[in-house]
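Comments concern the structure below.
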Amino acid sequence: MKIYVVGIGPGGLAFMTPQAKAAIESSQVVVGYTVYVDLVKELTLGKEVLSTPMKKEVDRCRLALESALDNKTVAFVCSGDAGVYGMAGIMLQVAENHPEVEIEIVPGITAACSGAALLGAPLIHDFAVISLSDLLTTWELIEKRLRLSAEADMSVVLYNPKSKKRCDYIDRAVKIMSEFKSMDTPAGYVKNIGRDGQKVVICTMKDLINNDDIDMFTTAFVGNSTTEIINGKMVTPRGYKNV
Ligand code: SAH
């Protein structure tokens, strides 16, 4: 009667913590969005695998809960970290009336961290993480967060920068941030981190506009006013002197 909500990191096994791997190995049932279950398929042999398509998040939580109530140990897998735009919160909500089911959240490497490492060190100082998906948040609130974090001169990480239906959201986001950030601010984006087709690009904030390369498997980064490019890496200084 246990559910592990497991952040598997951005890609395959190499990015997973030993704790996440052990949680999946000790489970009889693995639940998750098809793409993520596929990323860990080496670990799911002989286990019951329940996957549901995208946008069926609550159904997926119910599936996990039903299996746990059936006295099974369940690994509910999410990409990156389970608590960053992941399923940890909704799983705890769905299981609210079943305190007998133990729920353990297992952390993973979120795209902000795995992507930052590929770009250099863009997030060394204070930064904001903002999702451009307005499925669960109003666009007005997203705009407000973009504007205020830009005004506060934070580096910004943009999750869900674009989808087929929302193809101009990152363009709109850049225009809002340009009220407080120069269009020449160092920026970058990373696609398919840890997966086939990984691509790392360092550019400036204006290059994020009208950029067909950016899709829903991309995480975009914009520096603060001190961010620079050093030997092809994006670096936000933390203020150490004498280097
Ligand atoms: N829980 C996940 C985030 C899920 S929201 C995490 O902690 O990373 C989905 C968004 O995350 C995507 O639109 C993209 O912006 C980002 N993302 C997740 N995995 C990624 C990967 N492997 N490569 C690039 N971006 C990724």
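Sequential numbering from 1 along the given sequence is applied to the chain's residues. Indexing begins at 1, ligand by ligand and atom by atom, following the structure's order.
Not a single N or O atom of Ile109, backbone or side chain, sits closer than 3.5 Å to an N or O atom of ligand 1. For a threshold of 3.5 Å applied to N or O pairs, the pair formed by Val84 and ligand 1 contains at least one separation below that value. For ligand 1, the polar-atom distance check against Met216 finds a nitrogen or oxygen pair separated by under 3.5 Å. In terms of N/O distances under 3.5 Å, ligand 1 is not approached by Lys191. Between Pro161 and ligand 1, a contact under 3.5 Å exists for no N or O pair. Between Tyr159 and ligand 1, not a single N/O pair is under 3.5 Å apart. Any N or O atom pair closer than 3.5 Å counts here, and Gly80 shares no such pair with ligand 1.
By the criterion of side-chain heavy atoms lying less than 4.5 angstrom apart, applied directly or through intervening Ile, Leu, Val, Met, Phe, Trp or Tyr residues, Val35 is grouped together with Val37 in one hydrophobic cluster. Residue Tyr189 is grouped with residue Leu158 when hydrophobic side chains (ILVMFWY) are merged at heavy-atom distances under 4.5 angstrom, including chains of intermediate members.
Residue-ligand proximity: Ser79 is placed with a non-hydrogen atom under 4.0 Å from ligand 1.
For Ser114, no heavy-atom contact with ligand 1 is shorter than 4.0 Å.
In this structure, Thr204 and Thr185 have side chains that are not in contact, with every pair of non-hydrogen atoms separated by 4.5 Å or more.
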Could you go through residues 111-122 and list every donor-acceptor pair under 3.5 Å that involves a side-chain atom there, pairing it with any protein atom two or more places apart or in another chain?
residue: Ser114; atom: OG; partner: Thr110; partner atom: O; Å: 3.4

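A cation-pi arrangement is absent between Arg166 and Trp139 under the rule of less than 6.0 angstrom and at most 45 degrees off the ring axis.
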